[in-house]
Student: 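Below: one structure in structure tokens.
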Amino acid sequence: MFDSILAKLNLLNVAAANDFVEPRRKEMRRDGMLVDVVIGRRAYTVYDWSPSGVSFETPDHNWNAGGVYFEDVFVPQLKAGEQVNLTLRFHLLEGTKDVPVAAHITRSFGGITGARLLAGRTELRQINSAIDSFNAQSFLESQTTQYN
């Protein structure tokens, strides 16, 4: 009975405001505090990342317009649709770990570039190992700060 009333009001398949709505991303994003993206010889600051994608800071097209950075290698602005080889540099408790991976640039606007990682099994295993190290490091920090 209620279904027929809701169907007439076009409310049958409408979710309530407090119902759980599935997020847009399939994997949890992590902040980029301990990760850098390296393209060529240049490292970029990461805003957030997951095993399937990364969002990082890139220079605008006129970053060397004043000729201030002569010693740096020129890095062209990344454009959406390009495929690029990059390295995720993880700064772990046991040291630095580099994971080279191919990526597809999905967006680049206002100095922020988003890329979908095209990681194979080996790369995913290394990224998941880094996530495990981050989780272990967070747990260790939570236990040591408790007693100080």
Student: Please check this pair: side chain of Ser129 against backbone of Arg125, looking for a donor-acceptor N/O pair closer than 3.5 Å.
Tutor: no

Student: Measure the spacing between CG of Asp36 and CZ of Phe90 and express it to the nearest 0.5 Å.
Tutor: 10.5 Å

Student: Report the C-alpha distance between Val35 and Tyr47 in whole Å, list the side-chain angles of each, state the deciding distance to 0.1 Å, and finish with yes or no for side-chain contact (heavy atoms from CB on, under 4.5 Å).
Tutor: CA-CA 9 Å; Val35 181; Tyr47 291 113; over 6 Å; no

Student: Could you pull out the closest heavy-atom pair between Pro51 and Asn128, with the gap in Å?
Tutor: CG-OD1, 4.1 Å

Student: Could you check Val101 against Leu86 for side-chain contact (heavy atoms from CB on, under 4.5 Å), going step by step and ending with a plain yes or no?
Tutor: CA-CA 6 Å; Val101 63; Leu86 57 87; 3.8 Å; yes

Student: So, using side chain to side chain contact (heavy atoms under 4.5 Å, CB included) as the criterion, who are the partners of Asn85 when residues are at least two apart?
Tutor: Ala102

Student: Might you work through the side-chain contact (heavy atoms from CB on, under 4.5 Å) test for Ser133 and Lys97, ending with a clear yes or no?
Tutor: CA-CA 11 Å; Ser133 293; Lys97 179 178 189 175; over 6 Å; no

Student: For a quick test of reading the model, state the closest non-hydrogen atom pair linking His104 to Gly81 and the distance between them.
Tutor: CE1-O, 3.4 Å

Student: Contact between Phe134 and Leu34 at the side-chain level, heavy atoms closer than 4.5 Å - yes or no?
Tutor: yes

Student: Would Val84 and Ile105 satisfy side-chain contact (heavy atoms from CB on, under 4.5 Å), going step by step from the backbone distance to the final call?
Tutor: CA-CA 7 Å; Val84 64; Ile105 304 298; 3.8 Å; yes

Student: Would you check if Ile131 and Trp49 make a side-chain contact, meaning some heavy-atom pair closer than 4.5 Å?
Tutor: yes

Student: Identify every side-chain donor-acceptor pair in residues 109-121 under 3.5 Å, counting partners at least two apart or on other chains, and give the distances.
Tutor:
{"residue": "Thr113", "atom": "OG1", "partner": "Thr58", "partner atom": "OG1", "Å": "2.7"}
{"residue": "Thr113", "atom": "OG1", "partner": "Ser108", "partner atom": "OG", "Å": "3.3"}

Student: Measure the shortest side-chain to side-chain distance between Val99 and Thr87 over non-hydrogen atoms and say whether it is less than 4.5 angstrom.
Tutor: no

Student: With a 4.5 Å limit on heavy-atom distance, are the side chains of Leu88 and Asp98 in contact?
Tutor: no

Student: Are Ser55 and Arg107 close enough that some pair of their side-chain heavy atoms sits under 4.5 Å apart?
Tutor: yes

Student: Determine whether a donor-acceptor pair (N or O, by modelled atom type, separation under 3.5 Å) exists between the side chain of Gln143 and the backbone of Leu140.
Tutor: no

Student: Given 3.5 Å as the limit, does a donor-acceptor pair link the side chain of Ser50 with the main chain of Ser52, or not?
Tutor: yes

Student: Count I, L, V, M, F, W, Y as connected when their side-chain heavy atoms are under 4.5 Å apart, and connections chain through other members. Are Val46 and Leu124 then in the same cluster?
Tutor: no

